[in-house]
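Before any comments, here is the structure.
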Amino acid sequence: MKIGSEAHKQLFCQSFMESHLKYEPEQLPWPKLDVAQLERLRGIPFWEEALNTESNAGFMLNAFAQKVNDPMLRDAIALQGMEESRHSRLIQFLIDHYGIDTKLHPPKPIPDRIESAFVEFGYGECFDSFFAFGLFAIARPSGLLPDQFFTIFDPVINEEARHMVFFVNWVAYKLVNEGRGAKALRDAHSLWNYTGALRNRLDSFKGEKKGSGQGFTASGAGAVTIDLTLENFLSTCIQENDRRMSVYDPRLLRPEFLPKVAKTAFGMIKLLPKRNPSTVESPNLG
Ligand SMILES: [Fe+2]
Ligand SMILES: [Fe+2]
């Protein structure tokens, strides 16, 4: 199937629409937490960032959908907007239900260059979700929170994987139809935008963009205080990315850039001489 063709568009839009899950956050089986678990949940630093990021994404995507002429693309982008708004409702419900001290800020103004904002958001999602896949898999068996909690969030993480697949196919479709579809040009577009996503996230670490709504996965890394080496973390991110991406139609594109970089980094780390395990400190992923 030719990337950028009508058949490609139909495939990535229809598979996205057909795999939409129906659920309401308020009706999910939220587990009862004991005092220690509640403390742990309330101590996770990313709820406010996650709530505001998802809420702003919902507004931005719904506004962008209204500007899209193609009805099939418009419906798919509107559906993603609805799912991002539902993520924000889900986090708001969790915050209220478990008494987490955080708040929803007024929505960010809708950017004038809204397609560019969608592109920036899409690459940011690809960046954050790749690491979120790994963090989720590492945190789940740790017993820090009831497994039911992870059962609730697993489909949400899959929704982000679905958004990534939709996004990379949408970008490729758009670039081809703008005459910029050569693989080298598409790779350059990815490199440029991933570099931007990384720069934004490094800035938010340095506090230069406090409250910018960027990089909440990264801000949550420090909350996983279980023993973790960079090698383990990277290999888990790679495995989980491969697993979550494996369910999509093989004719669809998947995000390639970050998994490739991570695999290269993992290969290099594996070659490094190992220190005596008794002297290895838990790395600071942040
Ligand atoms: Fe989301
Ligand atoms: Fe998303």
Side-chain angles (χ1 to χ4, degrees), residues 12-13 15-26 28 44 46-65 68 73-95 102 104-105 107-108 110-111 114-136 149-150 152-171 193-194 197 200-201 204 212-220 237 240-241 244-245 247-248 252-255 257-258:
F12 74 78
C13 289
S15 59
F16 182 73
M17 307 285 286
E18 286 163 6
S19 54
H20 170 70
L21 287 181
K22 288 199 179 349
Y23 66 87
E24 292 304 322
E26 302 77 14
L28 295 171
I44 294 175
F46 61 49
W47 296 123
E48 188 158 325
E49 194 85 40
L51 175 66
N52 286 287
T53 300
E54 298 286 0
S55 169
N56 284 317
F59 285 119
M60 190 269 286
L61 265 81
N62 284 316
F64 177 47
V68 174
L73 290 173
R74 183 173 58 230
D75 287 353
I77 292 166
L79 181 67
Q80 186 183 343
M82 175 264 159
E83 291 179 359
E84 301 296 10
S85 300
R86 187 169 59 180
H87 290 170
S88 102
R89 277 200 291 126
L90 184 140
I91 295 167
Q92 184 68 67
F93 183 85
L94 174 144
I95 286 166
T102 190
L104 183 62
H105 303 165
K108 278 187 183 174
I110 302 295
I114 195 156
E115 186 179 280
S116 302
F118 178 64
V119 169
E120 186 183 331
F121 173 76
Y123 279 106
E125 265 205 313
C126 290
F127 191 98
D128 287 335
S129 298
F130 178 78
F131 296 110
F133 296 160
L135 280 175
F136 187 85
F149 216 80
F150 293 88
I152 287 176
F153 273 92
D154 193 61
V156 177
I157 304 277
N158 271 339
E159 260 166 4
E160 298 298 9
R162 246 175 83 252
H163 295 172
M164 290 159 76
V165 173
F166 175 77
F167 175 72
V168 296
N169 282 276
W170 174 85
V171 166
N193 282 286
Y194 276 120
N200 284 341
R201 279 145 186 80
S204 73
S212 64
Q214 304 240 13
F216 65 78
T217 300
S219 72
C237 290
E240 285 297 300
N241 181 71
R244 290 193 189 265
M245 291 296 160
V247 300
Y248 298 100
L252 289 170
L253 299 172
R254 282 114 167 97
F257 183 81
L258 209 51

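For ligands, and for the atoms within them, numbers begin at 1 and follow the listed sequence.
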Problem - Distance under 6.0 Å and angle within 45° of ring axis: R162 vs F16 - result: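 Positive - R162 is close enough to the ring of F16 and near enough to its axis.
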Handout entry: With sequence neighbours excluded, residues passing side chain to side chain donor-acceptor pair (under 3.5 Å) with D75
Key =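 Counting only residues at least two positions away or on another chain, D75 forms no side chain to side chain donor-acceptor pair (under 3.5 Å).
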Problem - Identified ring pair (Phe, Tyr, Trp, His ring centres under 6.0 Å) partner of F167 from the options F127, Y123, F12 - result: Y123
Exercise for the section: Measure the CD-CG distance between Q92 and N52 for me, rounded to the nearest 0.5 Å. Expected result: 9.0 Å
Completion exercise
F133 meets the ring pair (Phe, Tyr, Trp, His ring centres under 6.0 Å) criterion, sequence neighbours left out, with none
Practice task
For F130, enumerate each residue passing the ring pair (Phe, Tyr, Trp, His ring centres under 6.0 Å) test, keeping only those at least two apart in sequence or located in another chain.
Solution key: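 With sequence neighbours excluded, F130 shows a ring pair (Phe, Tyr, Trp, His ring centres under 6.0 Å) to no residue whatsoever.
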Exercise for the section: Identify which protein N/O/S atoms are less than 2.8 Å from the Fe ion (ligand 2). Expected result: E84 OE2, E125 OE2, E160 OE1, H163 ND1
